[in-house]
Amino acid sequence: MIPEKEIFEEYARHAVSFLLGLPLRDLLNSDRPDLQSAPCKIGIEVTRAISQEQAIAEKEMVRKQPYGLFRPDILWPEGRGVYVSDPKIHAAPEEYAYLVARIADKSVKFDGYTRFDLNGLYCFVPSEQLEHTANIIERCVASPFDTVLFDCVNSIYVWQRHKTSLTQRLIDVKLRRRWSRRSRRLIRFSQIPLFQKLIRR
């Protein structure tokens, strides 16, 4: 099975590389922050706007269905988006509260991160549209991050410190194709016994 944390971080790596025009080889998976590019002096932390109860439920679902993550399009994105299988889903108000809370939590933990010229946060949001943006922007402004990216199924909303509003970027078909190829490699690699032993540790 492929741990869901690694799946989301790997997709975020592809998305950030695509959006910023960075060579994928220059953006590596790491820790504190999760994505780091020494040549480009960029660091991006990855998080998700879900409750602790949702996270626990997901772990149980992943245990029962290792390769599906109960969202088949996270691994097979020829459909719509990468986060949910239902493209019409909209986040409930409490889920936006989780999103604001995650930005606040990551802001506090930022003191323990390696610093870069560009420090960012990549948030997966379980919604097709980003709503309640005033509260979200207010929290972004109060954060130490230079940019915050919100992945909303088929779009990525980008907040930048020098701007007062969010910019919407549609998830390009080229990104989907790139991720489709990568996800298939992940599945093949995850079926190797040594890899399975390592990720169970």
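Numbering starts at 1 and runs along the sequence shown. Below, all heavy atoms of this structure are taken into account, side chains as well, without hydrogens, waters or symmetry copies.
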Quick one: does [X]'s side chain get under 4.5 Å of [Y]'s, heavy atoms only?
X      : Y      : result
Leu121 : Ile44  : no
Leu20  : Ile42  : yes
Leu28  : Leu35  : no
Tyr157 : Val125 : no
Ile103 : Cys140 : yes
Leu166 : Phe150 : yes

Please test Gln168 against Ser155 for side-chain hydrogen bond (donor to acceptor under 3.5 Å, both in side chains), starting from the C-alpha separation and ending with a verdict. CA-CA 7 Å; Gln168 182 181 12; Ser155 299; 2.9 Å; yes
Is there a chain of hydrophobic side chains (I, L, V, M, F, W, Y, each step under 4.5 Å between heavy atoms) that links Leu99 to Val141? yes
Nearest heavy atoms of [X] and [Y], plus distance in Å:
X      : Y      : value
Leu24  : Arg13  : O-NH1, 3.0 Å
Thr147 : Gln160 : OG1-CG, 3.9 Å
Ser17  : Leu22  : OG-O, 2.6 Å
Glu9   : Val46  : CG-CB, 4.0 Å

Check whether any side-chain N or O of Arg161 sits under 3.5 Å from a backbone N or O of Phe145 as a donor-acceptor pair, and report yes or no. yes
Is it true that a side-chain atom of Thr133 and a backbone atom of Ile136 form a donor plus acceptor pair closer than 3.5 Å? no
Before giving the answer on side-chain contact (heavy atoms from CB on, under 4.5 Å), spell out for Tyr122 and Val16 the whole-Å C-alpha distance, their side-chain angles and the decisive distance to 0.1 Å. CA-CA 9 Å; Tyr122 194 105; Val16 170; 3.7 Å; yes
Nearest-0.5 Å distance, [atom1] of residue [X] to [atom2] of residue [Y]:
X      : Y      : atom1 : atom2 : result
Cys152 : Leu130 : SG    : CG    : 4.5 Å
Arg169 : Leu19  : CZ    : CG    : 5.0 Å
Asp151 : Ile156 : CG    : CD1   : 4.5 Å
Thr47  : Lys109 : OG1   : NZ    : 8.0 Å
Trp159 : Ser165 : CH2   : OG    : 11.5 Å

Under the side-chain contact (heavy atoms from CB on, under 4.5 Å) criterion, do Glu10 and Asn29 qualify, and how do the steps go? CA-CA 7 Å; Glu10 181 65 6; Asn29 297 102; 3.0 Å; yes
Tell me which donor-acceptor pairs under 3.5 Å the side chains of residues 112-120 have, and how far apart each pair is, sequence neighbours excluded?
from   : atom 1 : to     : atom 2 : distance (Å)
Tyr113 : OH     : Glu45  : OE2    : 3.3
Asn119 : OD1    : Phe116 : N      : 2.9
Asn119 : ND2    : Phe116 : O      : 2.9

Does Ser30 have any side chain to side chain donor-acceptor pair (under 3.5 Å) partners at least two apart in sequence or in another chain, and if so, which? Gln36
Going through the checks in order, is the side-chain contact (heavy atoms from CB on, under 4.5 Å) test met by Cys123 and Val148? CA-CA 7 Å; Cys123 302; Val148 182; 4.1 Å; yes
Is the positively charged end of Arg48 above the ring of Phe8, judged by distance under 6.0 angstrom from the centroid and angle within 45° of the axis? yes
Go through the structure and list residues passing side-chain contact (heavy atoms from CB on, under 4.5 Å) with Glu138, not counting sequence neighbours. Asn135
